[in-house]
Protein chains: 2
Amino acid sequence: MAPGETDASGLTADVDVTEEGVREQGVSPRRIPQATVVRLPTYRRLLEEFGRSGLSTISSEMLAAAAHMNAAKVRKDLSLLGSFGTRGSGYDRDFLIGQIDLALGLDRVWPVVIVGMGNLGRALANSTRFAGQNFEVVAMLDADPDLVGQEVANGVIRPFGELGAIASSRPLAIGVVTTPADVAQDVADQLVAAGVHSLLVFAPRVIDVPRGVMVRYVDLGIELQVMSFYQSRRERQGEDHDMAVLGSVGLAGPPGD
Amino acid sequence: MAPGETDASGLTADVDVTEEGVREQGVSPRRIPQATVVRLPTYRRLLEEFGRSGLSTISSEMLAAAAHMNAAKVRKDLSLLGSFGTRGSGYDRDFLIGQIDLALGLDRVWPVVIVGMGNLGRALANSTRFAGQNFEVVAMLDADPDLVGQEVANGVIRPFGELGAIASSRPLAIGVVTTPADVAQDVADQLVAAGVHSLLVFAPRVIDVPRGVMVRYVDLGIELQVMSFYQSRRERQGEDHDMAVLGSVGLAGPPGD
DNA sequence: GTGTGTGAACTTGTTCACAGCG
DNA sequence: CGCTGTGAACAAGTTCACACAC
């Protein structure tokens with residue numbers, strides 16, 4: 001196969017993606033498909049970058065070129081947020097960023113808990129993405145007594161057992177699970193009990209959650225195996241296929257051509 | 001929306017997923033859609049786990065329940081590899097694992113290079129997934145002189161400038177980019193020049209690659225923003241939606257219901 | 001009877017192509 | 001005339017439902 005770009009995620013592990021509960025209730029402009037939701041952050045980032053170049057108006061064609069995708073897709077995605085473009089010129093950068101933020105819920109700060117402070121948990125805690133504008137790491141937990149008490153990023157690692165206490169002193173929205181696979185389900189259960197409704201799981205394990213709780217998986221093993229698949233194809237067949245881009249986090253596609 | 005499960009990836013960032021170059025050439029049994037490729041590693045892992053429970057025959061229903069998905073999907077996916085099931089009983093675990101390995105190219109070891117040995121690069125180098133059976137980290141590079149020479153996992157960090165030399169002494173297949181975003185494109189260019197045909201990019205940046213090179217993205221920022229989207233929906237609307245599971249690495253879906 | 005393999009229906013996502021606004 | 005917004009065509013992915021093999 002020629003490598004093309006994939007879109008991403010790769011590992012859709014799941015099930016049950018019902019779109020209920022959500023249907024128009026005044027607030028939501030329109031139903032936004034998941035495929036679009038996943039692309040909005042990329043558009044947002046590119047708009048920021050264009051801004052640094054001094055551009056204040058950006059066309060779907062420019063965004064599409066920068067994101068390596070089809071302009072019609074960009075327009076369709078953006079039109080789901082409302083009709084913000086100006087025919088003949090394009091979209092006003094600042095206004096569009098504001099609208100994307102509104103759609104993504106980036107008009108507030110979400111409290112995040114990270115459970116499992118090994119190498120990966122630490123890397124995430126130090127990431128600007130986690131410590132950024134809209135997300136605040138309110139707790140870093142681990143069951144290992146040797147790790148408890150250590151300073152990481154701007155805080156200290158606390159015992160996993162304190163989760164309940166932390167949850168009663170302040171609301172928690174997102175839980176990041178960077179523990180070994182064998183305890184991931186138990187950790188997830190306790191996070192859900194603590195009020196977390198969104199889980200980002202790095203452990204290679206399918207997690208059971210009650211309805212209403214969202215789970216997204218980031219699985220490095222799957223990523224590598226997907227690459228192995230395309231790489232072995234390329235070697236089996238002649239060279240020069242055309243691979244493109246795939247995305248894990250939902251970005252990218254399989255090496256198509 | 002009720003949280004459902006998503007499938008994942010979330011961030012499909014890409015483009016160009018052409019399926020050329022690949023079409024049937026004797027070796028490939030049949031065309032395997034990307035959606036299936038991404039799920040094969042999960043089936044493989046679940047089969048391993050069932051094996052530990054002593055089961056030697058597994059039905060699509062069992063796999064589906066464990067993976068939180070539809071049994072018909074499991075059967076359709078597996079049937080693309082060939083007709084390995086036995087009607088009335090199910091699939092022979094060991095044989096099926098072998099067939100999945102064959103399809104995924106896990107019958108050999110792929111040389112991996114990691115560029116950017118900050119927290120994340122180190123976490124990956126220490127990961128069993130990277131140091132596992134089918135992947136071998138043959139080089140850990142960084143441009144920072146302070147990091148060069150440090151021991152990580154089973155090796156030592158070398159200067160990024162040595163990439164070319166390393167590539168001429170042994171073939172490289174997969175490149176992992178865990179550098180800051182501003183140098184990611186340059187690093188990718190050099191990896192491609194060194195013969196790498198698959199890139200796993202953690203930097204929040206769209207990467208340009210020539211045809212034939214596959215890029216998959218893992219973007220934590222996108223993951224968090226996708227969670228923010230569904231979380232803010234849930235709060236805007238009544239509670240109790242039904243979210244499910246989404247996958248980043250391609251596993252999971254949007255919180256549907 | 002049990003569970004696979006698969007055509008057909010359906011749903012989701014992408015691309016085209018063009019009407020129409022600025 | 002340029003670029004958005006969008007219906008309509010298309011492609012990909014999922015689920016159903018059932019014939020058939022064991």
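Reckoned from all heavy atoms, side chains included, excluding hydrogens, waters and symmetry mates. A note on names: the letters A, B, ... follow the listed sequences, proteins ahead of strands, and every chain is numbered from 1.
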Interatomic distance, [X] [atom1] vs [N] [atom2] [rounded to whole Å]:
{"X": "B:Ile58", "N": "C:dG3", "atom1": "CD1", "atom2": "C1'", "value": "14 Å"}
{"X": "B:Glu61", "N": "D:dA17", "atom1": "CD", "atom2": "P", "value": "15 Å"}
{"X": "B:Gln99", "N": "C:dG5", "atom1": "CD", "atom2": "P", "value": "12 Å"}
{"X": "A:Tyr43", "N": "D:dT4", "atom1": "OH", "atom2": "P", "value": "12 Å"}
{"X": "B:Met62", "N": "C:dT4", "atom1": "CE", "atom2": "C1'", "value": "15 Å"}
{"X": "B:Arg75", "N": "D:dA19", "atom1": "CZ", "atom2": "P", "value": "14 Å"}
{"X": "A:Leu78", "N": "C:dT14", "atom1": "CG", "atom2": "P", "value": "14 Å"}
{"X": "B:Leu80", "N": "D:dA12", "atom1": "CG", "atom2": "C1'", "value": "13 Å"}

Query raised in the report: At under 4.0 Å between heavy atoms, what does A:Thr36 touch on the DNA or RNA strands: base, sugar-phosphate, or nothing?
Result: nothing

Which nucleotide, [options], lies nearest any side-chain atom of [X]?
{"X": "A:Arg87", "options": "C:dT4, D:dC3, D:dT6", "value": "D:dC3"}
{"X": "B:Ala72", "options": "C:dG13, D:dA17, C:dC18", "value": "D:dA17"}
{"X": "B:Asn70", "options": "C:dT15, D:dC16, C:dC18", "value": "D:dC16"}
{"X": "B:Arg39", "options": "C:dG13, D:dG13, D:dT14", "value": "D:dT14"}
{"X": "B:Ser59", "options": "D:dT6, C:dT4, D:dC16", "value": "C:dT4"}
{"X": "B:Lys73", "options": "D:dT15, D:dT4, D:dG13", "value": "D:dT15"}

**Report entry** Position toward the 5' end of DNA chain C (nearest nucleotide), B:Lys76 or B:Thr86
**Finding:** B:Thr86

Requested in this report: Check whether any side-chain N or O of B:Ser228 sits under 3.5 Å from a backbone N or O of A:Gly105 as a donor-acceptor pair, and report yes or no.
Outcome: yes

**Report entry** CD/A:Glu61: more than 12 non-hydrogen atoms of other groups inside 6.0 Å
**Finding:** no

Report task. Begin from the C-alpha positions of B:Arg234 and A:Met214 and carry the test side chain to side chain contact (heavy atoms under 4.5 Å, CB included) through to its verdict. Result -> CA-CA 10 Å; B:Arg234 123 183 290 287; A:Met214 177 170 81; over 6 Å; no

Requested in this report: Would you kindly compare B:Pro33 and A:Gly85 by the position of their nearest DNA chain D nucleotide and give the one closer to the 5′ end?
Outcome: A:Gly85

Query raised in the report: Are A:Asp92 and A:Thr57 linked by a side-chain donor-acceptor pair shorter than 3.5 Å?
Result: no

Query raised in the report: Where along residues 88-97 of chain A does a heavy atom come under 4.0 Å from DNA chain D, residue by residue in number order?
Result: A:Gly88, A:Ser89, A:Gly90, A:Tyr91

Report task. Flag the pair A:Arg108 and B:Glu235 as a salt bridge only when some basic side-chain nitrogen lies within less than 4.0 angstrom of an acidic carboxylate oxygen. Result -> yes

Query raised in the report: Would you call B:Arg44 and B:Glu49 a salt bridge, using N to O less than 4.0 angstrom?
Result: no

**Report entry** Euclidean distance, A:Leu47 CG relative to A:Ile100 CD1, rounded to 0.5 Å
**Finding:** 5.0 Å

